[in-house]
Trainee: 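Dropping a structure here in C-alpha cells format, bear with me for questions.
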Amino acid sequence: ISLRNGDYVGSFGFDAQVRHFMPPSRGLPYFLKLQTGSSQLAYRPEETNFTLGLAELNFRLKRRALVVLFTEFIDTTTAELLLESVHRMANRHAVVFVTLRDPLLPGIVDARPDGFRDVAEAVVAHDLLRDRAVVLERLARLGVHCLEVPPRGLAVSLVNRRSEEHTSELQSHHD
C-alpha cells in the first residue's frame, strides 16, 4: 500500500547482528525486491540485540520515517533493552511496534486447574501476559503506537494503523 501511494519503503532485519538492509525506495516494482530480500531472512536462535540493531537503523535513516518494528520479547531484561532503544528511535521517527498475541495464554490463565501443574502453568502464563502489558504500556507512553495482534489479524491491523499514521502526519503538516 505504501509503495502504491508513492511512499519510500525499505527493509531492515537484525538479531544479534544486522542481517539485511534494503534502502528506502519507491514504486511498485520495488515490492518484488523487498519480498525477495526479506525472504532471505532466516530464524536464528540468537538473542536479539535491540541496542545494536535499532542504533544502526537510526543511523541509516537520514530523514524522519515511519518505522514499523516487527519483534517479540520474552524476558524483562530484553524488554528493558528494547524500551531504551525504541525510545531513542521514537525521538526522531514515528514508530509502530508490532508483536503477535499468543492466543493460548489467556486460555491457560482462565482454565480450571486439575492439579499442581495446571496452577503452575497458569501462574507463568499470567506473569507473561502481565509483563507484556507493562512493556506495551511503557512503549505507548513513549509515543510508540503498539499493535498486539493475533497472527491472522496482522495484515489488516497494520494497514489500518498505517492509514491512521498517514492521516495524522497530514494533519500535523497542515497545522
Side-chain angles (χ1 to χ4, degrees), residues 1-74 78-79 81-103 132 135-136 138-175:
I1 290 174
S2 295
L3 289 169
R4 190 177 302 135
N5 288 334
D7 295 332
Y8 283 87
V9 177
S11 180
F12 184 80
F14 66 95
D15 49 35
Q17 64 186 44
V18 174
R19 304 280 180 193
H20 167 82
F21 177 68
M22 294 187 68
S25 189
R26 62 180 5 164
L28 281 177
Y30 196 57
F31 179 76
L32 184 59
K33 290 179 184 176
L34 288 169
Q35 190 176 33
T36 302
S38 62
S39 72
Q40 304 302 312
L41 289 171
Y43 172 79
R44 296 175 191 261
E46 302 172 27
E47 186 171 344
T48 302
N49 186 335
F50 290 106
T51 305
L52 170 75
L54 294 178
E56 178 69 21
L57 178 59
N58 210 11
F59 173 76
R60 290 181 188 219
L61 294 173
K62 302 303 180 200
R63 299 170 37 188
R64 179 169 164 76
L66 171 62
V67 175
V68 181
L69 178 62
F70 296 91
T71 192
E72 187 56 65
F73 56 94
I74 295 174
T78 302
L81 296 171
L82 166 73
L83 283 162
E84 290 173 18
S85 299
V86 170
H87 179 74
R88 283 190 293 278
M89 178 148 280
N91 285 334
R92 189 169 158 223
H93 305 285
V95 179
V96 176
F97 182 87
V98 182
T99 188
L100 298 178
R101 180 181 307 130
D102 187 331
R132 288 177 72 77
V135 170
L136 294 173
R138 288 180 63 192
L139 284 167
R141 281 192 304 226
L142 295 173
V144 173
H145 300 280
C146 299
L147 291 174
E148 184 183 26
V149 296
R152 291 184 186 256
L154 179 61
V156 172
S157 296
L158 189 56
V159 168
N160 288 340
R161 177 58 74 180
R162 192 243 174 246
S163 297
E164 291 171 16
E165 285 295 318
H166 189 67
T167 301
S168 175
E169 286 287 321
L170 289 176
Q171 288 174 346
S172 68
H173 287 295
H174 182 64
D175 294 342

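Just so we're clear, the structure is a prediction, and the values are computed from it rather than from any experiment.
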Trainee: May I have the step-by-step check of side-chain hydrogen bond (donor to acceptor under 3.5 Å, both in side chains) for Ser38 and His20, ending in yes or no?
Mentor: CA-CA 8 Å; Ser38 62; His20 167 82; 5.8 Å; no

Trainee: Check whether more than 12 heavy atoms from other residues, nucleotides or ligands sit under 6.0 Å from atom CZ of Arg4, and answer yes or no.
Mentor: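 No, CZ of Arg4 has 12 or fewer neighbouring heavy atoms, counting only those of other groups under 6.0 Å.
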
Trainee: Quick one, Arg64 and Arg92 - any side-chain contact, counting heavy atoms below 4.5 Å?
Mentor: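 Contact flag for Arg64/Arg92 side chains = no.
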
Trainee: Using the side chain to side chain contact (heavy atoms under 4.5 Å, CB included) rule, take Arg19 and Arg44 through it: C-alpha gap first, then chi angles, then the decisive distance, then the call.
Mentor: CA-CA 11 Å; Arg19 304 280 180 193; Arg44 296 175 191 261; 3.3 Å; yes

Trainee: What is the minimum heavy-atom distance between Ala79 and Val135, and which atoms define it?
Mentor: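 Residues Ala79 and Val135, closest heavy atoms: CB-CG2, 3.5 Å.
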
Trainee: To the nearest 0.5 Å, what is the distance between CE on Met89 and CD on Glu84?
Mentor: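 Answer rounded to 0.5 Å: 14.5 Å.
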
Trainee: Output the distance between atom CG (Leu136) and atom SG (Cys146), rounded to the nearest 0.5 Å.
Mentor: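 Here the interatomic distance stands at 5.0 Å.
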
Trainee: Are Pro29 and Phe31 packed together at the side-chain level, in the sense that at least one heavy-atom pair is separated by less than 4.5 angstrom?
Mentor: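 Sidechains of Phe31 and Pro29: no contact.
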
Trainee: Rounded to the nearest 0.5 Å, how far apart are OG of Ser25 and CG of Leu34?
Mentor: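 The distance works out to 8.0 Å.
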
Trainee: Between Arg60 and Phe21, is NZ or CZ placed under 6.0 angstrom from the six-membered ring centre and within 45° of the ring axis?
Mentor: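 Verdict for Phe21: a cation-pi partner in Arg60.
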
Trainee: Between the side chain of His93 and the main-chain N/O of Ala65, is any donor-acceptor distance below 3.5 Å?
Mentor: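 Looks like yes, one N/O pair under 3.5 Å.
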
Trainee: Just checking, any donor-acceptor pair under 3.5 angstrom between side chains of Asn58 and Arg88?
Mentor: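 Arg88 and Asn58 do not have a side-chain donor-acceptor pair below 3.5 Å.
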
Trainee: Find out whether Glu72 and Arg132 are in side-chain contact, i.e. whether some heavy atom of one side chain is under 4.5 Å from a heavy atom of the other.
Mentor: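 Answer yes - side chains close enough.
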
Trainee: Looking only at the side chains, is there a donor atom on one of Glu148 and Thr99 sitting less than 3.5 Å from an acceptor on the other?
Mentor: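 No, no side-chain donor-acceptor pair sits under 3.5 Å.
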
Trainee: By the definition side chain to side chain contact (heavy atoms under 4.5 Å, CB included), identify the one residue from Gln35, Lys33, Met22 that meets it with Ser11.
Mentor: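 That would be Met22; it is the only one of Gln35, Lys33, Met22 passing the side chain to side chain contact (heavy atoms under 4.5 Å, CB included) with Ser11.
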
Trainee: Look up atom CG in Leu83 and atom CZ in Arg138, then write down how far apart they are to the nearest 0.5 Å.
Mentor: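 That separation rounds to 4.5 Å.
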
Trainee: Supply the atom-to-atom distance Asp15 CG to Thr71 OG1, rounded to the nearest 0.5 angstrom.
Mentor: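 Those atoms lie 10.5 Å apart.
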
Trainee: Test Phe97 against every option in Leu147, Val68, Leu69 by the side chain to side chain contact (heavy atoms under 4.5 Å, CB included) rule and name the one that passes.
Mentor: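 Considering Leu147, Val68, Leu69, a side chain to side chain contact (heavy atoms under 4.5 Å, CB included) with Phe97 is found only for Leu69.
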
Trainee: Output all residues satisfying side chain to side chain contact (heavy atoms under 4.5 Å, CB included) with Thr48, sequence neighbours left out; order by chain, then residue number.
Mentor: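 Phe14, Phe50.
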
Trainee: Assess the residue pair Arg26 and Ser2 against the criterion (side-chain hydrogen bond (donor to acceptor under 3.5 Å, both in side chains)); give the C-alpha distance rounded to whole Å, side-chain angles, the decisive distance to 0.1 Å, and a yes or no.
Mentor: CA-CA 9 Å; Arg26 62 180 5 164; Ser2 295; over 6 Å; no

Trainee: Do Arg101 and Val149 have side-chain heavy atoms sitting under 4.5 Å apart?
Mentor: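 In short, these two side chains do not touch, never coming nearer than 4.5 Å.
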
Trainee: Does the side chain of Val95 reach to within under 4.5 Å of the side chain of Val86, using non-hydrogen atoms?
Mentor: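 Yes, close enough: below the 4.5 Å cut-off.
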
Trainee: If you compare all heavy atoms of Leu142 against all heavy atoms of Ala90, which two are closest, and at what distance to 0.1 Å?
Mentor: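 Looking at all heavy atoms of both residues, the shortest contact is O-CB, 4.2 Å.
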
Trainee: When rounded to the nearest 0.5 angstrom, what distance separates CD in Glu46 from CD in Gln17?
Mentor: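 Reported value, rounded in 0.5 Å steps: 6.5 Å.
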
